[in-house]
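The shown structure was predicted, so the numbers you read here are calculated from the model rather than taken from an experiment. Numbering starts at 1 and runs along the sequence shown.
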Amino acid sequence: MLQSLVRFLLPTQCGLCDALTDVDRALCPECWSATQFIVGPSCHCCGAPMVGDAIDGDHCDACLVAPKPWGEGRAAFVYSGAGRKLVMALKHGDRLDLIPTLAPMLYRRGQGFWDENAVLVPVPLHWSRQLKRRYNQAAELTLGVARLGAIATDCDALVRVKKTASTQGKSFAERQTMLADAIMPNPKRPSGLIGKSVVLVDDVMTTGATLSACTQAAFAAGASRVRVLTLARAVKDH
């Protein structure tokens with residue numbers, strides 16, 4: 001009776017719109033269908049959806065032209081439509097209440113990454129940007145995923161030591177230059193990643209330059225392998 005009364009007084013709503021749902025902040029049918037989940041063949045390296053005769057394990061053109069330093073990458077959905085709205089709400093809209101909705105999407109997409117030596121590591125923010133934003137969305141996603149599978153985390157393994165300008169509109173090569181020496185192993189945790197199977201977590205991958213810088217830092221810290229897991233993958237056609 002108490003639960004019924006609470007539901008009557010505070011009806012559960014979709015995480016993106018005002019539609020009523022059975023679970024608070026879950027996506028309603030319309031928002032769910034407007035989210036392009038990556039469920040078919042995808043690029044082994046960056047997680048972008050692939051079409052035609054592609055099979056899992058293939059590499060997309062972008063990764064063939066500019067190989068990435070990590071081993072395998074996956075994304076939950078394409079960075080467009082409702083998927084883009086979810087990322088923007090989390091990143092710039094103070095919507096930490098979406099973590100219980102988004103973390104299971106990442107956890108399911110990362111199946112196969114959770115070996116006994118795995119450790120989740122978020123892409124770090126520069127301290128000034130985190131102070132302004134008040135939280136690191138990648139770290140919040142990391143903790144949400146970790147709780148679902150009792151997976152080890154190290155949210156302080158990497159640090160962003162150099163504040164960089166916005167990379168929006170920049171090419172992969174330009175972003176690489178901007179990010180040179182910007183992300184480093186945390187000197188206060190010199191042995192944190194030695195021999196670990198690192199899974200880097202972020203909200204969205206565009207060119208992959210930031211994740212490349214994080215991968216290099218993780219290997220410098222002693223990681224045995226690096227995979228990447230993101231909520232969304234930006235695709236040119238979108």
Side-chain angles (χ1 to χ4, degrees), residues 15 25 38 45-47 68-77 86-87 89-91 94-161 179 182-205 208-233:
R25 302 310 174 195
I38 301 174
C45 187
C46 73
K68 307 302 187 292
W70 62 80
E72 184 177 356
R74 297 180 189 169
F77 49 75
L86 284 168
V87 171
L90 174 65
K91 193 169 187 174
D94 293 333
R95 293 293 308 278
L96 290 178
D97 59 301
L98 287 173
I99 293 295
T101 300
L102 299 173
M105 299 178 187
L106 268 185
Y107 178 73
R108 288 191 294 270
R109 194 69 178 113
Q111 292 301 315
F113 284 4
W114 318 133
D115 55 56
E116 61 181 13
N117 208 29
V119 58
L120 291 163
V121 176
V123 169
L125 284 178
H126 189 264
W127 68 266
S128 61
R129 185 162 294 174
Q130 182 158 337
L131 184 64
K132 181 178 180 181
R133 192 174 293 172
R134 295 182 289 110
Y135 61 91
N136 177 356
Q137 71 278 1
E140 297 296 332
L141 286 168
T142 295
L143 294 173
V145 171
R147 283 191 289 268
L148 293 171
I151 307 163
T153 64
D154 193 338
C155 290
D156 299 316
L158 305 178
V159 291
R160 192 180 290 247
V161 297
L179 289 163
I183 299 172
M184 308 288 288
N186 190 337
K188 297 180 180 180
R189 304 180 64 84
S191 61
L193 297 184
I194 292 177
K196 297 295 185 181
S197 178
V198 170
V199 180
L200 293 171
V201 178
D202 206 2
D203 54 350
V204 60
M205 184 197 305
T210 299
L211 286 160
S212 292
C214 289
T215 299
Q216 292 163 355
F219 279 132
S224 61
R225 71 186 303 175
V226 178
R227 297 172 171 132
V228 302
L229 183 63
T230 63
L231 262 185
R233 177 70 171 99

Inset, instruction - Working to the nearest 0.5 Å, report the span between CG of L125 and CD of Q137. - result: 5.5 Å

Legend entry - Side-chain (R227) to main-chain (E72) donor-acceptor, under 3.5 angstrom: no

Legend entry - Taking every non-hydrogen atom, the tightest pair across N136 and P124: ND2-CA, 3.9 Å

Inset, instruction - State, with a plain yes or no, whether a side-chain heavy atom of W114 is found less than 4.5 Å away from one of L148. - result: no

Inset, instruction - Heavy atoms only: give me the nearest G208-K68 pair and the separation to one decimal. - result: CA-CE, 4.5 Å

Legend entry - Residues K188 and D156 bridged, charged N to O under 4.0 Å: no

Inset, instruction - Report yes or no: does W70 contribute a side-chain atom to a donor-acceptor pair with the main-chain N or O of S212 at less than 3.5 Å? - result: no

Legend entry - Under 3.5 Å: donor-acceptor pair, side chain of Q111, backbone of Y107: yes

Legend entry - Shortest non-hydrogen contact between C155 and T142, atoms and distance: SG-CG2, 4.2 Å

Legend entry - Close side-chain approach of D94 to R134, heavy-atom, < 4.5 Å: yes

Inset, instruction - Check whether any side-chain heavy atom of L211 lies under 4.5 Å from a side-chain heavy atom of T230, and answer yes or no. - result: yes

Inset, instruction - Kindly say whether G15 contributes a backbone atom to a donor-acceptor pair with the side chain of R95 at under 3.5 angstrom? - result: yes

Inset, instruction - Could you pull out the closest heavy-atom pair between K91 and R133, with the gap in Å? - result: O-CD, 3.4 Å

Legend entry - Qualifying residue, where the test is side chain to side chain contact (heavy atoms under 4.5 Å, CB included) with V198 and the options are V119, V228, D154, T215: V119

Legend entry - side chain to side chain contact (heavy atoms under 4.5 Å, CB included) partner of L141, the single match among D202, L120, I99: I99

Inset, instruction - Tell me, with the steps shown, if L90 and L96 meet side chain to side chain contact (heavy atoms under 4.5 Å, CB included). - result: CA-CA 6 Å; L90 174 65; L96 290 178; 4.2 Å; yes

Legend entry - Non-hydrogen atoms of A75 and R109 that approach each other most closely: O-NE, 2.8 Å

Legend entry - Heavy-atom check, side chain of L158 versus side chain of L200, under 4.5 Å: yes

Inset, instruction - Using a 4.5 Å cut-off on heavy atoms from C-beta on, say whether the side chain of L102 contacts that of E140. - result: no

Inset, instruction - For the residue pair L86 and F77, establish whether any side-chain heavy-atom pair is separated by less than 4.5 Å. - result: yes

